[in-house]
Amino acid sequence: MLYRRILPAFWLILWALQSVAQGVGPGQQFYPVHDFRNDWLVYDPAFKTYVPYIDEQHASLPAVSLFLDLESNRNYELLVSTGRDGYLFLDAALRRKLPAGTWQVLRIDSLYRVYRKPEVFLTLYGSPGVNDKQVFIGHRKSLTQKPVVLTETGLSMLPRRKTVFTDFFTLSLVFIAATYAFLFNFFQRAFQRLFSIQDLFSISVREESFLVNKPLSRVNLLFMAGLSFVMAFLYLFFQSKNIDIFSSRNLLLEGQTLTDLVLSFLKLSALSMVALLGKYLLISMVGALYRIEEITNLHFFKVLQASSIFYVLVGAVVTVAALNLPPNQPWVISWILIPFIAFYLGRLALLYLVILNRASIKNLYLFSYLCIVELIPLIIGVRFAL
């Protein structure tokens, strides 16, 4: 009686060990950690979303997709193989060609360092159907390592997975809107002056204005804080679209939780505020050097006015674009750099006309002054951004 109970368990263990020992990938050198055969998704034009792959309905489609969890599979490898030539896309961007009958091995850690988010969207394009497509999470075999058992999961009924960025951006937009609503209600005259397009392009500026005479007043500092919040929001938004501005991912915390993002937002806001104050300090120092102290406050006010209008408009545009574009739509860095470079060059020309109209200064001195405080920081910024 005892052998009747032991024998089935023995054969079950033997079958499991045999299947794991066979391995997957090139030369069966990897233990299978997860097989994606049941995780395929296809785009349904009728519902305008991704739905689970059904062989009877989608066998003729050349593109199939799946969500790849990077954060939970650190230290593993991604194994991809197709029976016929195809292409591998990650987050809707072409990454490599897939020659027929070969295995492509990608380290999950490397993908995580590149994308810096817990999940990416993988697409295989080529032959129709999924019978000739294999995607595994694998772990390289080692004589001193315990076997990794294959885990199976059923079909996911939630093809659209929201990341923590969605919650963070919603909260940050509400916070920024509340900040500017506060400024509009309690400092309405200053708000209307600062966000006036007509006043921005006016060369004849009223220097007796309290906004110009006291650049570090409580009112101006509050508007500088609002601008800092918008700049921090845009930085994190572009990071979420895999646009690594200034190659400065170290500004972000290692984690991707909501708390980590909020702390990163506050840290970036503080850095933006310090940069704005440093801008005023630089203008004051160089203005004293050229003996044009009377226009330094006006210069800084125009910088604050132009930046506030531009960054708020950019924030509104990217928010509308994010709501209307497909979630996996790639964002190209040139789309971001060109408007910003055009803005800073346009602001430089405006400052030249305003200062020339208000102060009796030689063109050579004025050009040198603007180069030091405007053009050189722009060139350095573009250099690091690229």
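- With Phe300 as the fixed residue, the side chain to side chain contact (heavy atoms under 4.5 Å, CB included) test singles out one of Leu281, Leu282, Ile283: Ile283.
- Hydrophobic clustering of Ile, Leu, Val, Met, Phe, Trp and Tyr side chains at less than 4.5 Å, counting indirect connections, keeps Leu348 apart from Phe367.
- Both Tyr352 and Ile379 sit in one connected hydrophobic cluster of ILVMFWY residues. Membership requires side-chain heavy atoms under 4.5 Å apart, directly or through other members.
- Val303 approaches Glu374 most closely through the heavy-atom pair CG2-OE2, 3.6 Å.
- The aromatic rings of Tyr53 and His58 sit tilted relative to each other, their planes meeting at an angle between 30° and 60°.
- Contact of the Val24 side chain with the Gln29 side chain is not registered, since no non-hydrogen atoms from C-beta on lie closer than 4.5 Å.
- For the residue pair Ala225 and Met273, the shortest heavy atom distance occurs at N-SD, 3.8 Å.
- In this structure, Met224 and Leu304 have side chains that are in contact, with non-hydrogen atoms separated by less than 4.5 Å.
- Under the 6.0 Å cut-off for aromatic ring centres, Tyr31 and His139 do not qualify, their centroids lying 6.0 Å or more apart.
- In this structure, Arg95 is not positioned above the aromatic face of Phe89 in the sense of NZ or CZ being under 6.0 Å from the six-membered ring centre and within 45° of the axis.
- By the rule that hydrophobic residues join a cluster once side-chain heavy atoms approach within less than 4.5 Å of another member, Leu345 and Leu350 end up as members of one cluster.
- For the pairing with Tyr311, the ring-ring contact (aromatic ring centres under 6.0 Å, His included) check across Phe237, Phe340, Phe233, Phe229 returns one residue only, Phe340.
- At a threshold of 4.5 Å between non-hydrogen side-chain atoms, the residues Tyr50 and Asp44 do not count as touching.
- Note: Asp199 CG to Phe301 CZ = 5.5 Å, rounded to the nearest 0.5 Å.
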Q: Test salt bridge (charged side-chain N to carboxylate O under 4.0 Å, His left out) on Arg140 and Glu77 and set out the steps.
A: CA-CA 8 Å; Arg140 192 177 294 275; Glu77 279 80 22; 5.2 Å; no
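- With sequence neighbours left out, Phe191 forms a ring-ring contact (aromatic ring centres under 6.0 Å, His included) with Phe184, Phe195.
- The neighbour count for Arg189 CZ, taken as heavy atoms of other residues, nucleotides or ligands under 6.0 Å away, does not exceed 12.
- Looking only at distances, no side-chain donor or acceptor of Lys133 sits under 3.5 Å from a matching main-chain atom of Gly83.
- The closest side-chain heavy-atom distance from Lys97 to Leu88 is not below 4.5 Å.
- Identified under the side-chain hydrogen bond (donor to acceptor under 3.5 Å, both in side chains) test for residues 215-229, with sequence neighbours left out: none.
- Ile295 is listed as a side-chain neighbour of Tyr369, based on a closest heavy-atom distance under 4.5 Å.
- Considering all non-hydrogen atoms of both residues, Ser272 and Ala232 come closest at OG-N, 4.5 Å.
- Tyr87 meets the ring-ring contact (aromatic ring centres under 6.0 Å, His included) test with no other residue; sequence neighbours excluded.
- Every residue two or more places apart in sequence or in another chain that forms a side chain to side chain donor-acceptor pair (under 3.5 Å) with Ser72 is listed here: Asp69.
- Counting only distance, with no hydrogens or angles, the side chain of Ser196 and the backbone of Arg193 share no donor-acceptor pair below 3.5 Å.
- Checked against ring-ring contact (aromatic ring centres under 6.0 Å, His included), Phe182 has the following partners two or more places apart in sequence or in another chain: Phe186.
- Judged purely by atom type and a 3.5 angstrom limit, Asp109 has no side-chain atom pairing as donor or acceptor with the backbone of Arg74.
- Side-chain contact between Leu234 and Phe238 is present, with heavy atoms from C-beta onward closer than 4.5 Å.
- Nearest approach of Lys117 to Leu70, heavy atoms of both residues: O-CD1, 3.8 Å.
- The heavy-atom pair separating Pro52 from Val42 by the smallest distance is O-CG2, 4.5 Å.
- Linking ILVMFWY side-chain heavy atoms closer than 4.5 Å, directly or via other members, places Leu106 and Tyr125 in two distinct hydrophobic clusters.
- The backbone N or O of Leu353 lies less than 3.5 Å from no partner atom in the side chain of Asn357, so there is not a single donor-acceptor pair.
- Contact of the Phe121 side chain with the Leu90 side chain is not registered, since no non-hydrogen atoms from C-beta on lie closer than 4.5 Å.
- Ser127 and Asp132 make their closest contact through OG-OD2, 2.7 Å (heavy atoms, listed as atom of the first residue, atom of the second, distance).
- Counting only heavy atoms from C-beta outward, the side chains of Leu268 and Met231 never approach each other to under 4.5 Å.
- Of the possible donor and acceptor atoms, one in the side chain of Lys279 sits under 3.5 Å from a partner among the backbone N and O of Val373.
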Q: Apply the test side chain to side chain donor-acceptor pair (under 3.5 Å) to residues Tyr280 and Asn297: give CA-CA distance (whole Å), side-chain angles for both, the deciding distance (0.1 Å), then the verdict.
A: CA-CA 8 Å; Tyr280 175 72; Asn297 289 349; 3.2 Å; yes
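- By the criterion of side-chain heavy atoms lying less than 4.5 angstrom apart, applied directly or through intervening Ile, Leu, Val, Met, Phe, Trp or Tyr residues, Ile197 is grouped together with Tyr180 in one hydrophobic cluster.
- Applying the ring-ring contact (aromatic ring centres under 6.0 Å, His included) test to Phe36 and every residue at least two apart in sequence or in another chain returns His34.
- A donor-acceptor pair under 3.5 Å links the side-chain atoms of Ser81 to the main chain of Thr102, judged by distance alone.
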